[in-house]
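Right, one structure below, let's go through it.
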Number of protein chains: 2
Amino acid sequence: MRKDPSRATGRPTLAEVARIAGVSQITASRALRDVPTVDPGLVSKVREAAKALGYVPNPAARTLASARSQSVIVLVPALSNQLYIETLEAIHSVLRPRGYEVLIGNFHYSREEEEELIRNYLAFQPCGILLTGFDRTEASLHLLEANKVPCVHMMELTQAEDVFCVGFSQEDAGAVVARHLLARGKRRLAYVAAQLDARVLQRGEGFKRALAEAGVLDPALEIMVPEASSVGLGGELFGRLLRQHPDVDGIFFCNDDLAHGAIFEAQRQGIAVPDRIAFVGFNDLPMSAHIVPRLTSIRTPREAVGKHAAHLMLTLLAGAEVPDRTVDLEFELVVRESS
Amino acid sequence: MRKDPSRATGRPTLAEVARIAGVSQITASRALRDVPTVDPGLVSKVREAAKALGYVPNPAARTLASARSQSVIVLVPALSNQLYIETLEAIHSVLRPRGYEVLIGNFHYSREEEEELIRNYLAFQPCGILLTGFDRTEASLHLLEANKVPCVHMMELTQAEDVFCVGFSQEDAGAVVARHLLARGKRRLAYVAAQLDARVLQRGEGFKRALAEAGVLDPALEIMVPEASSVGLGGELFGRLLRQHPDVDGIFFCNDDLAHGAIFEAQRQGIAVPDRIAFVGFNDLPMSAHIVPRLTSIRTPREAVGKHAAHLMLTLLAGAEVPDRTVDLEFELVVRESS
DNA sequence: CTGAAAGCGCTTACAG
DNA sequence: CTGAAAGCGCTTACAG
């Protein structure tokens, strides 16, 4: 009658809940999972019994029996960029209250590491995966395909069929920055970028396309390095650019931290911002509203991306109709003192 | 003979590995878990079979059978402070290669939210928990106690028995800052703090104790607000302090971001740092080495805390003897231009 | 050192 | 709308 005490966890089980509620175990299971076919009277009996016992479902047993966990994986390229922290928080705020566990994987901007994470995490039988962008290995794509896990892509947009994505046009954002600097009367415009992931490249393309259209594109006015973006690197790259092209009069940095470093370096060299050189950053990190001079930047909708991506995932998990496979959340140019 | 195809995951199972290796399932299980009693010849046979099949253990089944997962929970008060990101990275780098899953819980500096996280995460039957500090609800303590999960505490030190902790003395760090400012000839010294978690209070205690010992403590020279620490708040609090006490000549900020904001505000007001007022921050965030003037700060050993805490957890999980229940990793005063 | 049996706590699939 | 049986894929506890 009693189970082997040496094996049990000691926690109340569904069988005990069912016994107290006077129903079968499977009915208790259905009641607690809100399966709609259960008699409302029984549902409340089961809920009471569960509450009285302090019953908490065992996720391992549930996952084993159903071959699917209640975990959603989120794969981001970095945690060192505040951007992704805010996205993750937004995802958590939507999925946790609905009973989903959110597992974070940081792939450090490495396709190989992302593939390894996907391989590992699939063993946990996640019910869904949130991915950053579209640039991944063939093997990653195969793994995702073969496991038939619902995927939502964040940060970038695509026109591809059967792909769910929530983001904004990185390329358009770059173009908006270019037009802003041109409107300020600047003509010797440079792109300074690090990390060089797909989105950084797209921003640069948009920026240069707009410059070309205005007839002021000088391909030499560009510094792109694969190292991680940082404040220190921003100062360094700014110094290098200035030595090579002393006539530069406007710079678009692929991320705010580079611009912050450049502002400090300009201050040390006594270079007037924005009068001699105007600066524009990207992402609008918290510091940008306070630095001297305050930094003009593109405000990216990262919280909205997280929220919408999570809601889209909920829709997919519910098996409901998805109104839009592509959600464009747009960005905003925040003009401050630096340009 | 074949299992019900509608239930199975389609992935290879331990039973198949065992069949191919020509051993029993339990021997295959032991071989793959490095149980030392298995014949080395059989171990290699099992490993080969597993590799050939592309076998990946099912964590849900393992957890259900053993009543213990391979997951280590890490509870941190915030992700918005770069400090904890670096600690988490260090923990990951130690535990992931050993096959442990690291689950991150952010309790947003709320004891109640931490309690809720503990309650939820215990359902996952973690094999260990890494906690931040010692300030938690009675219910949290009971839950941890009752579940007999190994715990390691990070960031603070205690002399309590049977408690494992890895950190440094927050109070001593505060005292070191005070002595540094005194050595610079400053006498009207203030503590500016936000968030007000236990560690922030400890730093303040150490700072004020040292000032009292030097006979220069003015209790009025202090601003402590419970809001979240941020760059913007730092500028605001600095402005407020200056209006109330125009003669202040040195400020210790409980976190670097406050000091950054104060530096910007001082720049706007034309106040000379460090000549009129010296600034010292805490944590030595990346920006502090670049801001103008470069910020003097306490470099906290957060990566080391993460690494040591993770290794301590591995020791506990292995059931091995722990040499030191308390690991003091110390801090370093990094003197730069701001003081 | 190896194994057959039982069990972990759920949900699926099928019946009624 | 409800339920008895079987099964998910492992490990534990016991034997030998």
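Just so it is clear: chains get the letters A, B, ... in the order the sequence lines come, proteins before strands, and each one is counted from 1.
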Nucleotide [N], atom [atom2] - distance to [atom1] of [X] in whole Å:
{"X": "B:Q125", "N": "D:dC10", "atom1": "CD", "atom2": "P", "value": "17 Å"}
{"X": "B:R62", "N": "D:dC8", "atom1": "CZ", "atom2": "P", "value": "19 Å"}
{"X": "B:R33", "N": "D:dG9", "atom1": "CZ", "atom2": "P", "value": "17 Å"}
{"X": "A:Q25", "N": "D:dC1", "atom1": "CD", "atom2": "P", "value": "21 Å"}
{"X": "B:L64", "N": "D:dT11", "atom1": "CG", "atom2": "P", "value": "11 Å"}
{"X": "B:R68", "N": "C:dG9", "atom1": "CZ", "atom2": "C1'", "value": "16 Å"}
{"X": "B:E16", "N": "D:dC8", "atom1": "CD", "atom2": "P", "value": "11 Å"}
{"X": "B:F124", "N": "C:dG9", "atom1": "CZ", "atom2": "C1'", "value": "15 Å"}

| said: Does this structure show an ion pair linking B:R47 with B:D34, if we count only N-O contacts that are shorter than 4.0 Å? | reply: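 Counted as a salt bridge, because a side-chain N and a carboxylate O are separated by less than 4.0 Å.
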| So, B:H153 versus B:F134, ring centres under 6.0 angstrom or not? |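 Yes, the ring centres sit under 6.0 Å apart.
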| said: Taking the nucleotide of DNA chain C with the nearest heavy atom to each, does A:I26 or A:G10 sit closer to the 5' end? | reply: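 Nearer the 5' end of the strand: A:G10.
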| task | Examine distances only and state if a side-chain atom of A:T132 and a backbone atom of A:L75 form a donor-acceptor pair shorter than 3.5 Å. | result |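 Between the backbone of A:L75 and the side chain of A:T132 there is a qualifying donor-acceptor contact (under 3.5 Å).
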